[in-house]
Each structure stands twice: as C-alpha cells, then as structure tokens.
Amino acid sequence: MSSQDCNDMLGDSKAIVTNQPGIHEKLDEIVAKHLSHEFKKPYQAHTQAAFDEMNALVQAFLAKNPQGEVILDACCGVGQSTRLLAKQNPNGLVIGVDKSAHRINRNVEDHQHADSYQADNYHLVRADLNDFYRLVKAANWPVSKHYILYPNPWPKSKHIQRRWHGSAVFPQMTSIGQQLILRSNWRLYLEEFQQAAGQVGLLGDISLVEHESDSQEPALTPFEAKYLASGQNCYQLKLSRKSSD
C-alpha cells in the first residue's frame, strides 16, 4: 500500500480503471470487523529498529521543543513531499516513511537537483507502515498532521482490504494525528476513506487540488505533478477529530 514507482515523464498518466461503480458494499462491515479485533501481527525486526531510531529523534526534538509539531508523511516515496512539508513547517519535525529502500535512496540524488526544496528538519525512514503505525500509536507521538499522499489505489473491487481504509491497521492509523490529510486522483478512494473514518470520529470534506500553474505551491509529489500534467483531477480529503462536546 505504498506509493507507486514514478514515471519520469509527465503528462502520460492513465486514469484509474475500476470495476467498482461506487463505495464498496462491504466497506462498513470490514471496518467494523477491524475495529472489534486487535491487530496482533508481530513487528518485523527492520521496522522495529527503524522506529527506535526515529523515536529517539522525535523524543530529542520534543525535549527541546515541548510544543513542537511532529508531522508524519506516510507512503512518502522519494521524499519530495517530506522535504516540501518540512520547508512549509520550519519549526516542525517531519518524518517520511516508505517501505521501499529504492524510493527513499532516490531522495539523495533528487535533493541535489531541488535547491528550492531543501530543508534540514526532516528524516526519511524505510519501514512497513502496518508495523510503524502501531509503534507510533504505542509511543503516543504528538502528531499534529498525518499525510497519506497518493497511496496505491488497488482499484479492483476484490482488493478492498488492500486499501488503507480496508486494512487491519486502519484503527491505529486513524488514531494518529490531529488532522489526517489524504490526496488521490481517484475520488472514490477518498469517498470510501471518508465514510470509514466516520466510524472512528474523523470528519472532513473532499476538495479539488489546485493545478500547479494556478498556485504558488509546487506539486507535493511526483505523482501529483504527473496526474495534473495529464489533465486529471486530484482531490484532497482533510479530516479532523469530532469534538467530544
């Protein structure tokens, strides 16, 4: 469920093709099942080690900045979004996570050619988010914003449980962050996530992402740039916790 490998050419991206006419009929049932059953899969050793390293950095940051913002960039791919979020939040600490060492290692090369994106308040880590999310939850990181940008859509109906909102880790992942921000070029993915999130008290709206030429901000990810250059719409779902009042 990580970000897909990025094509170097812009403007050649195909639209999502799916056999699903609307929100999956079993979505609510799947989410309810995961909410009622604890996810007990053992942690992978490499993710535990990666988390321990990141946790030490987060705790050191919070010790110096008790009110500091911790921002999580899940499925960060090559890390362009992580760098941009770090630049946009200079007083925060941004942690980018992706399961692919190849994608994360590309960040070093890309960074050399992206002077306007440079920032020093971020870290990239290779880890399995199914484990990393649970470790973040257990450590109670005070995450202010949690980004999931252009995850693999798994558009076939039979693959609903491979989407984040159909996965066993959904209860833990949605408990992280005061705000949860998703982007996708498949609106139905966000509509499903929005419906699933309602079961855990997260509410929000879907909006259209502005085209780069209409905004001062560059595309957050290479995928976003490619989709927009292909004439596709990109959408954002911004969720916040429902007030307990």
Side-chain angles (χ1 to χ4, degrees), residues 1-7 13 16 39 44 46-47 50-51 54 70-86 88-89 93-107 110-111 117 122-137 141 143-155 159-177 179-190 192-194 196-197 202 206 209 218-228 232 234-239:
M1 280 178 274
S2 182
S3 300
Q4 309 127 311
D5 287 326
C6 185
N7 189 314
S13 179
I16 297 292
F39 188 18
Q44 296 180 66
H46 80 85
T47 294
F51 173 79
M54 289 300 104
V70 177
I71 298 169
L72 184 62
D73 183 20
C75 308
C76 69
V78 297
Q80 175 174 307
S81 54
T82 314
R83 294 196 302 272
L84 285 171
L85 291 171
Q88 294 168 9
N89 299 273
L93 176 65
V94 186
I95 305 295
V97 187
D98 198 274
K99 71 177 182 181
S100 169
H102 171 70
R103 284 190 287 263
I104 285 180
N105 288 338
R106 279 182 54 190
N107 175 72
D110 291 348
H111 196 183
Y117 298 168
Y122 76 94
H123 297 276
L124 300 178
V125 58
R126 174 183 174 260
D128 183 336
L129 278 160
N130 289 285
D131 295 345
F132 200 87
Y133 275 136
R134 291 182 290 151
L135 291 164
V136 169
K137 171 64 175 175
W141 282 10
V143 175
S144 59
K145 295 176 183 177
H146 174 191
Y147 287 85
I148 307 173
L149 304 173
Y150 303 95
N152 191 324
W154 293 106
H159 291 153
I160 176 64
Q161 294 191 72
R162 298 187 186 183
R163 301 172 199 162
W164 281 122
H165 43 277
S167 70
V169 79
F170 182 76
Q172 288 83 12
M173 71 178 294
T174 52
S175 69
I176 296 168
Q179 280 193 329
L180 184 55
I181 301 110
L182 291 87
R183 288 189 180 183
S184 177
N185 64 324
W186 189 30
R187 186 183 174 97
L188 183 58
Y189 189 100
L190 300 185
E192 285 190 342
F193 200 105
Q194 182 184 40
L202 285 172
I206 298 173
V209 175
L220 273 178
T221 78
F223 278 115
E224 184 166 286
K226 184 171 68 168
Y227 296 147
L228 292 173
Q232 295 186 43
C234 292
Y235 302 94
Q236 175 171 284
L237 170 63
K238 182 181 288 187
L239 296 163

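Because the structure is predicted, anything quoted here is derived from the model rather than measured.
- Taking both residues in full, the closest heavy atoms of E224 and A219 are given as OE2-CA, 3.4 Å, listed atom of the first, atom of the second, then distance.
- In this structure D131 satisfies the salt bridge (charged side-chain N to carboxylate O under 4.0 Å, His left out) test together with K41, R134, sequence neighbours excluded.
- Annotation: side chain to side chain contact (heavy atoms under 4.5 Å, CB included) contacts of S184 (sequence neighbours excluded): W186, Y189, L190.
- No side-chain heavy atom of S81 sits under 4.5 Å from any side-chain heavy atom of Y150.
- Under the side-chain hydrogen bond (donor to acceptor under 3.5 Å, both in side chains) criterion, T221 pairs with no residue at all, not counting sequence neighbours.
- Taking the ring-ring contact (aromatic ring centres under 6.0 Å, His included) definition, one finds that H159 meets it with W154, sequence neighbours left out.
- Listed by chain and number, the residues in a side-chain hydrogen bond (donor to acceptor under 3.5 Å, both in side chains) with Q172 amount to none (sequence neighbours excluded).
- Two residues are said to be in side-chain contact when any heavy atoms from C-beta on lie closer than 4.5 Å; L129 and K99 fail this criterion.
- Using bins of under 30°, 30° to 60° and over 60° for the plane-to-plane angle, the ring pair F51/W141 lands in the parallel bin.
- N185 meets the side-chain hydrogen bond (donor to acceptor under 3.5 Å, both in side chains) test with Q232; sequence neighbours excluded.
- Applying the side chain to side chain contact (heavy atoms under 4.5 Å, CB included) test to A197 and every residue at least two apart in sequence or in another chain returns F193, L202, L239.
- Partners of Y133 according to the side-chain hydrogen bond (donor to acceptor under 3.5 Å, both in side chains) rule, which considers only residues two or more places apart in sequence or in another chain, are H146.
- Residues passing the salt bridge (charged side-chain N to carboxylate O under 4.0 Å, His left out) test with R126, sequence neighbours excluded: none.
- The shortest side-chain heavy-atom distance between V97 and M54 does not fall under the 4.5 Å cut-off.
- The shortest distance between side-chain heavy atoms of L124 and D98 does not fall below 4.5 Å.
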